[in-house]
Amino acid sequence: MLTKETFYDRVYKIVREIPEGRVTSYGAIAKALGTAGSARMVGYALRASQGVYPPIPAHRVVNRVGMLSGKAAFGSLDMMQQLLENESIVVENDRVVDFKNLFWEPNYGE
DNA sequence: GCTGTGACACTTT
DNA sequence: CAAAGTGCCACAG
């Protein structure tokens with residue numbers, strides 16, 4: 001059942017599969033779902049995932065440069081950074097250090 | 001009428 | 001300059 005679920009359900013599952021100490025980008029998730037041009041939808045799904053169960057580690061999802069763009073959706077700007085540092089991820093200037101090295105590709109359907 | 005799903009153009013990196 | 005991201009708005013059920 002891959003095409004029966006809505007786009008949002010797929011986004012939630014992929015973000016939940018992100019291992020600790022690893023991060024991914026909006027475009028990577030969007031492309032994994034087959035809609036690389038609708039990365040906007042991914043962001044909105046994460047925004048809604050904070051008030052639903054189970055809680056989605058949206059703090060591990062950043063943009064292509066590793067910037068904590070949606071950090072405001074967590075309640076505190078530093079909160080997202082602290083969570084990332086808690087995962088052994090170094091964050092400086094609101095950006096993940098060596099992000100490309102910590103980049104995790106969402107393999108949906110694996 | 002309200003809630004859910006689906007997209008493009010503008011801004012930032 | 002060009003590519004990727006943006007955490008919403010509008011249409012449909």
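Nothing here was measured: the structure is a model prediction, and the numbers come from that model.
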Atom CZ of A:Arg47 and atom C1' of B:dT5 are separated, to the nearest Å, by 17 Å

What integer distance in Å separates A:Asp9:CG from B:dT3:P?
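So the CG-P distance, A:Asp9 to B:dT3, works out to 19 Å.
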
Next on the checklist: Which heavy atom of A:Ala58 sits nearest to which heavy atom of A:Phe74, and what is that distance?
Outcome noted: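 Distance-wise, the nearest heavy atoms are C-CZ, 3.3 Å.
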
Evaluate the side-chain proximity of [Y] to [X]: yes if any heavy-atom separation is below 4.5 Å, no if none is.
X: A:Gln82; Y: A:His59; answer: no
X: A:Val15; Y: A:Ile18; answer: yes
X: A:Thr24; Y: A:Phe103; answer: yes

**Prompt:** Stepwise, does the salt bridge (charged side-chain N to carboxylate O under 4.0 Å, His left out) test hold for A:Glu87 with A:Arg22?
**Reply:** CA-CA 8 Å; A:Glu87 301 294 311; A:Arg22 212 59 86 184; over 6 Å; no

Report yes or no: is the cationic atom of A:Arg47 (NZ for Lys, CZ for Arg) under 6.0 Å from the centre of the six-membered ring of A:Tyr44, at an angle within 45° of the ring normal? no

Please tell me if A:Ser69 has a side-chain N or O lying less than 4.0 Å from either OP1 or OP2 of C:dG5.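 Looking at the OP1 and OP2 atoms of C:dG5, neither is under 4.0 Å from any side-chain N or O of A:Ser69.
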
5' to 3', nucleotides 8-13 of chain B under a 4.0 Å protein heavy-atom cut-off (B base, S sugar-phosphate only, - none) gives B----B

Exercise for review: Describe the nucleic acid contact of A:Gly70 in one word from base, sugar-phosphate, nothing, applying a heavy-atom distance below 4.0 Å.
Suggested key: base

Open item on the list: Under 4.0 Å, heavy atoms only, any strand: does A:Tyr44 hit a base, just the sugar-phosphate, or nothing?
Closed with: base

Test side-chain contact (heavy atoms from CB on, under 4.5 Å), reference A:Val91, set A:Val97, A:Val62, A:Leu68, A:Leu83, output is A:Leu68

Annotated structure of DNA chain C as dot-bracket, pair cut-off 3.5 Å, Watson-Crick or G-U only, | for inter-strand, is .|||||..|||||

One should read off an interatomic distance between A:Ile29 CD1 and A:Glu17 CD, to the nearest 0.5 angstrom, of 10.5 Å

Specify the residue among A:Lys31 and A:Val61 whose closest nucleotide of DNA chain C lies further upstream toward the 5′ end.
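Nearer the 5' end of the strand: A:Lys31.
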
